Amino acid sequence: MPSDLFSDLAAEHEERLELAPEAILLRGAVKAESPELFSAIMDAARISPFRHMAVRGGFRMSVAMTNCGHLGWTSDEKGYRYSTLDPETGKPWPAMPPLFAEVASRCASLAGFADFEPDACLINRYKPDARMTLHQDKNEVDMSRPIVSVSLGLPATFLFGGMTRKERPRRIRIESGDVVAWGGAARLTYHGIAALAEGDHPLTGPFRYNLTFRKAG
DNA sequence: CAGTTTCA
DNA sequence: CCAG
């Protein structure tokens, strides 16, 4: 248990906000400018580069994505799925860095979800104007495990809705180092990210990165 | 909304 | 319907 990996990253999160039952925002749970986290993202992207995946209908997403871990989330004109191989490289996704697993597990624990061992980390890169429309994470086999989402770089407006697309989502400002975790009754909550504003972050420059940890398989 | 896919 |  290399729990020291996280202690270097842990910031005193001064705020624990309950967005809904079993949906927790941990403000500043992770250092806002962690070179370790950032370079781990860059390492993964050297093996499986960021790409703009297609969705059904042939549109391309404004968010650039890659993955690490045993399973990676992918989208193409046929739909969504998790795969052990990166369709772009034909090779396995880069391994989950121990630091990532540690961050995910510790933050899940802080949010009230014990024993979280993710096998998938979707890495999203937002540039100004990139957005993620409201959606549910429902391609995972085991819905009893939470989703843990870590923000790094430019701030964003997190959209957190309800169990139906109809419900008007709350708009929550999230910044580098903020972590949102949702599971249990909130596991299938519709969520998204509003169009990113321009900016310049000391660690990530013009980008926002988001690590989304799941137990997918 | 428009375009696609999927399936009743 | 819908991670556009």
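Hydrogens, waters and symmetry mates are skipped; everything else that's a heavy atom, side chains included, is used. Chain letters run A, B, ... following the sequence lines, proteins first and then strands; every chain starts at 1. If you're wondering where the values come from, they're calculated on a predicted model, not measured in any experiment.
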Whole-Å distance between C:dC1 C1' and A:Lys78 NZ? 20 Å
Describe the nucleic acid contact of A:Arg214 in one word from base, sugar-phosphate, nothing, applying a heavy-atom distance below 4.0 Å. base
Quick one: the dot-bracket string of DNA chain C, using Watson-Crick and G-U wobble pairs with both distances under 3.5 Å, [ ] for crossing pairs and | for bases paired to another strand. |..|
For atom OH of A:Tyr190 and atom P of C:dC1, their distance in whole Å: 7 Å
Partner of A:Asp76 by salt bridge (Lys or Arg N to Asp or Glu O under 4.0 Å), out of A:Arg60, A:Arg81, A:Arg51: A:Arg81
Whole-Å distance between B:dC1 C1' and A:Arg165 CZ? 13 Å
Does A:Arg165 reach the side chain of A:Leu134, with side-chain heavy atoms less than 4.5 Å apart? yes
Specify the separation, in whole Å, of atom CZ of A:Phe59 and atom C1' of B:dC1. 9 Å
Restricting to non-hydrogen atoms, name the atom on A:Thr204 and the atom on A:Gly153 that form the minimum distance, rounded to 0.1 Å. OG1-CA, 3.1 Å
Distance col, row A:Asn210:CG vs A:Ser149:OG, nearest 0.5 angstrom, shows 3.5 Å
At their closest point, which heavy atom of A:Ala40 faces which heavy atom of A:Pro97, and how far apart are they? CB-CG, 4.2 Å
Can you tell me which residue pairs pass the salt bridge (charged side-chain N to carboxylate O under 4.0 Å, His left out) test with a partner in residues 172-192 of chain A, sequence neighbours excluded? A:Arg27-A:Asp178, A:Glu140-A:Arg187
Return the value, rounded to whole Å, for the distance between atom CZ of A:Arg56 and atom P of B:dT6. 7 Å
Could you tell me the separation between the CZ atom of A:Arg81 and the C1' atom of B:dT5, rounded to a whole number of Å? 14 Å
Separation of atom CG in A:Asp76 from atom P in B:dG3, rounded to whole Å: 21 Å
Interatomic distance, A:Lys166 NZ vs C:dC1 P [rounded to whole Å]: 9 Å
